[in-house]
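For reference, the structure is listed below as structure tokens.
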Amino acid sequence: MSSLIFPIATGLAGGLALFLFGMHLISTGLQKAAARQVQQLLGAVTKNRFFGMLAGLVVTIFLQTSAVTTVLLVGFVSAELMSLGQALGVILGAAIGSTLTAQLIALRLSDYALWAVVAGIIPYFFARRLRWRYLGQAILGFGLIFYGAALMGTAVAPLNTLPGFKTALSPLAAHPWLMMLAAALFTGVVQASAATVVLAMTLAAQGTLPLEAALAMVLGANLGTTATALISSIALSREAKRVALAHFFFKLAGTLLFLPFLGLYSYLSRLTSPDIARQVANGHTLFNVINMFLFLPFTPQVGRLMERLLPNVPAEEKVAKYLDTKVLDIPELALARATQELLRMAGIIREEMFPRVMQPLAEREVELLEKLRSLDNILDYLYRAVARYLAQLNQGNLTDDQLVAQTKLLYIANDLEHIGDVVVEMAHQWRKIEASGVEFSPAGQAELQEMFNKVKENFATAIQAFAADDEALAARVIRDHPEILRLEKNLRYSHFQRLQQENRLSLETTSIHMDLINQLLRLNMHSVSIAQAVMGII
């Protein structure tokens, strides 16, 4: 007996390691090769839950991982490009797409596994274009998962000859709840439901497990696969937590519905094929398809339930919503996440800081100044978070275009952080006005407002150019800068004219008036700098 245990354990461990490594190579290779197309596909189906489900199905079949699909969905929900309910339809489709691996293993392609390794190695090592290297990496990954599955199958073949093995396994096989929980725990550890399903297929094919027990493992694998998203969402935004919790809700509800009817579930799976390994693989797909039909009509309601369970909290402001470290190995996605975080910073400036800064501080000046300081602290935090995130990108893994994009984002992040500082300085100038007990002259106030409106408009155009990567819009901001310079000269001249006329209000506020003009000019310079970064002038 002891002479069999070591080779069985070696084969299982080695096969599982190759299988998991192959899954990693497939998902990262295909993600790197087609990350932009995946984002475009998901972004195009934000309005219809059925097409969203199909998009999730297609994307996950292609990428062989629902994790990246979920990361993209968190970004779309956070940016309000789709509702949580619409995103949940994509998740249900992604769950079906993730069953493809088991279906391919059931086709018994292991005889061609090493040929796939050879076919993948050639472009992976010798192709000059990165995209061909990534595709080679994916083909290599397919070869390794087939070979790993074959090794596991060979390893478990002698288990039936081990005295007492079936007896030791019988309590789990006789209690589907225990088998489901054991499979869920195993899946949570290896972080790959496909590995658990393939192990169930292998044990069933060798006659070690009856179909009902193997399908209980399948249910556990589906439940356990939600652990990764739940754990990784702890440090992320409220939107990420809701998506992860909804994913867990779908799987848990489906598992609780299927377990009491395991006999019927087994009967339906037997109808799909005479081969027990295929029955397990088909049962995996069947579970997710039925789950989709059960819950797709109710995704808006489930979305609202998640929002009630996890309502927004003020503390979430000081959290980097989009900077998911899981996609750092995929530069296209990581750069897109950093871009979203910068657009969020721009939104704080445009929607929360700008409307406040030109308001004289009347009786609430202290609260208003503190609010602007608080918003500036958020910008400072997000700037450091984005800079750290971009610094973690592997430079050797970036194309020349991606290196340029990384530098652009750092420039723009720096400009946004400085804009927050300038706004707080302007608020201090207003505070001085209030403390002195005087006011600007009506003409001076109107001129400052005129310049601020123009500066605010240029900032909005610069951010629009950044969001759309529109060089024509960026060029407009740069072309408008001389107009701001002329306006600044005119405002100074007008103010000095009022001084010569011994305007009391102008005399008492002249220093602050000049400082505010300078600060408005600085604000516009940062908008010009953002536009220059969009155009590659860095």
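Predicted model, so just to flag it, every value in this text is computed and none were measured.
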**Study point:** Pairs involving residues 257-272, ordered by first then second residue, that meet salt bridge (charged side-chain N to carboxylate O under 4.0 Å, His left out) (sequence neighbours left out)
**Key:** Glu212-Arg270
**Study point:** Any pair counted as salt bridge (charged side-chain N to carboxylate O under 4.0 Å, His left out), so long as it reaches residues 271-288, sequence neighbours left out
**Key:** Arg108-Asp275
Point to revise | Test side-chain hydrogen bond (donor to acceptor under 3.5 Å, both in side chains) applied to Thr339 - qualifying residues, sequence neighbours left out | key: none
Point to revise | Partners meeting side-chain hydrogen bond (donor to acceptor under 3.5 Å, both in side chains) with Thr226 (sequence neighbours left out) | key: none
Check your understanding: Tell me, do Tyr389 and Arg337 make a side-chain contact under 4.5 Å, heavy atoms counted?
Key -> yes
Review point. Does the side chain of Gln103 pick up a donor-acceptor pair with the side chain of Thr285 at under 3.5 Å?
Key: yes
Practice item. Can you spot which of Leu296, Val289, Ile290 makes a side-chain contact (heavy atoms from CB on, under 4.5 Å) with Phe293? Key: Val289
Review point. Does the side-chain hydrogen bond (donor to acceptor under 3.5 Å, both in side chains) test come out yes or no for Thr196 and Thr187, once each step is laid out?
Key: CA-CA 6 Å; Thr196 308; Thr187 305; 2.6 Å; yes
**Study point:** Carboxylate-amine/guanidinium contact Glu307 Arg304, below 4.0 Å
**Key:** no
Review point. Distance from Leu390 atom CG to Leu342 atom CG, nearest 0.5 Å?
Key: 7.5 Å
Review point. Quick one: CD on Glu417 to CG on Asp376, what's the gap to the nearest 0.5 Å?
Key: 6.5 Å
Check your understanding: Got a sec, which residues hit side-chain contact (heavy atoms from CB on, under 4.5 Å) with Tyr124, two or more places apart in sequence or on another chain?
Key -> Gln137, Leu140
For residues 248-264, please give each side-chain donor-acceptor pair under 3.5 Å, one per line with the distance, not counting sequence neighbours.
| residue | atom | partner | partner atom | Å |
| --- | --- | --- | --- | --- |
| Lys251 | NZ | Asn222 | OD1 | 3.0 |
| Lys251 | NZ | Asn288 | OD1 | 2.7 |
| Thr255 | OG1 | Lys251 | O | 2.8 |

